[in-house]
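One structure is given below, encoded as structure tokens.
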Amino acid sequence: QVQVVESGGGLVQPGGSRRLSCAASGSIYRVYGMSWYRQLPGQQRDLVATIGTDGDTKYEDSVKGRFTISRDNTKNTVYLDMTELKPGDTAVYYCQMWMLLPTDTTVRYYWGQGTQVTVSS
């Protein structure tokens, strides 16, 4: 059984900062790519940032220079440091991890349950 759990969401004032964390636990052989997505009600889930096993990162244009994705492989954890937050960043943030389990022969992706970030004064 594998769990992927996000934390760190909440209410933030415009211009403020927030750190999201996402940790995978359970019987895991290896974690590969890690990503953060966000979703507004009634809309699709959009990619925000991704980080590969070699640390290579990519960002959605609207968050470049404001958000930073990082990972701690010893803890199977991915972070999203968000600065200069805007009301338009309000969404449910989800992490996605590509993992290989000891009982599996295929790398699959797993989602967390999501954490709400609200940017408002």
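For clarity, every value in this text was computed on a predicted model and none was experimentally measured. Along the sequence shown, residues are numbered consecutively beginning with 1.
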Subject >> Partner set under side chain to side chain contact (heavy atoms under 4.5 Å, CB included) for Ser27, not counting sequence neighbours >> reply: Pro102

Original post:
To the nearest 0.5 Å, what is the distance between CG (Asp46) and OG (Ser62)?
Top reply: 9.0 Å

**OP:** Mind listing the closest non-hydrogen atom pair of Ser121 and Pro14 along with its distance?
**Re:** N-CD, 3.6 Å

**OP:** Could you name each residue pair satisfying salt bridge (Lys or Arg N to Asp or Glu O under 4.0 Å) that touches residues 4-17, not counting sequence neighbours?
**Re:** none

Subject >> Summary of salt bridge (Lys or Arg N to Asp or Glu O under 4.0 Å) pairs that have at least one residue in residues 31-44, sequence neighbours excluded >> reply: Arg38-Glu60, Arg38-Asp89

**OP:** Kindly state each residue pair satisfying disulfide (SG to SG under 2.5 Å) with at least one member in residues 32-80, sequence neighbours excluded.
**Re:** none

Subject >> side chain to side chain donor-acceptor pair (under 3.5 Å) involving Arg45 - partner list, sequence neighbours excluded >> reply: Gln39

Subject >> Selection residues 67-82 - residue pairs positive for side chain to side chain donor-acceptor pair (under 3.5 Å), sequence neighbours left out >> reply: Arg19-Asp81, Arg71-Asn73, Asp72-Thr74

Subject >> Under the side chain to side chain contact (heavy atoms under 4.5 Å, CB included) test, residues paired with Gln3 that sit two or more places apart >> reply: Val5, Ser25

Subject >> side chain to side chain contact (heavy atoms under 4.5 Å, CB included) between Phe67 and Thr83, worked out >> reply: CA-CA 6 Å; Phe67 291 11; Thr83 65; 5.6 Å; no

List the atom pairs, donor and acceptor, that lie under 3.5 Å between side-chain atoms in residues 49-57 and the rest of the protein, sequence neighbours left out.
from	atom 1	to	atom 2	distance (Å)
Thr50	OG1	Met34	O	3.3
Thr50	OG1	Ser35	OG	2.7
Asp54	OD1	Asp56	N	3.0

Original post:
Can you name the closest pair of heavy atoms from Ala24 and Met99 and give their distance?
Top reply: CB-SD, 3.8 Å

**OP:** Provide the full list of disulfide (SG to SG under 2.5 Å) pairs with a residue in residues 67-121, sequence neighbours left out, each pair given once.
**Re:** Cys22-Cys95

**OP:** Kindly give the cluster partners of Tyr94, where membership spreads through any ILVMFWY side chain lying under 4.5 Å from a current member.
**Re:** Tyr29, Tyr32, Tyr37, Leu47, Val92, Trp98, Leu100, Val107, Tyr109, Trp111

**OP:** List in chain and number order the residues that pass side chain to side chain donor-acceptor pair (under 3.5 Å) with Gln43, two or more places apart in sequence or in another chain; answer none if no residue qualifies.
**Re:** none

Original post:
Do Thr90 and Val117 come within less than 4.5 Å of each other through their side chains, counting heavy atoms only?
Top reply: no

Original post:
Is it true that a side-chain atom of Arg18 and a backbone atom of Met82 form a donor plus acceptor pair closer than 3.5 Å?
Top reply: no

Original post:
Under the 3.5 angstrom rule, does the side chain of Ser21 hit a backbone N or O of Ser7 as a donor-acceptor pair?
Top reply: no

Original post:
Tell me the salt bridge (Lys or Arg N to Asp or Glu O under 4.0 Å) pairs involving residues 107-121, sequence neighbours left out?
Top reply: Asp104-Arg108

Original post:
Do Val78 and Ile69 have side chains that get closer than 4.5 Å, going by heavy atoms?
Top reply: yes

**OP:** Over all heavy atoms of both residues, which pair between Lys64 and Tyr59 is shortest? Give the atoms and the distance, please.
**Re:** CE-O, 3.3 Å

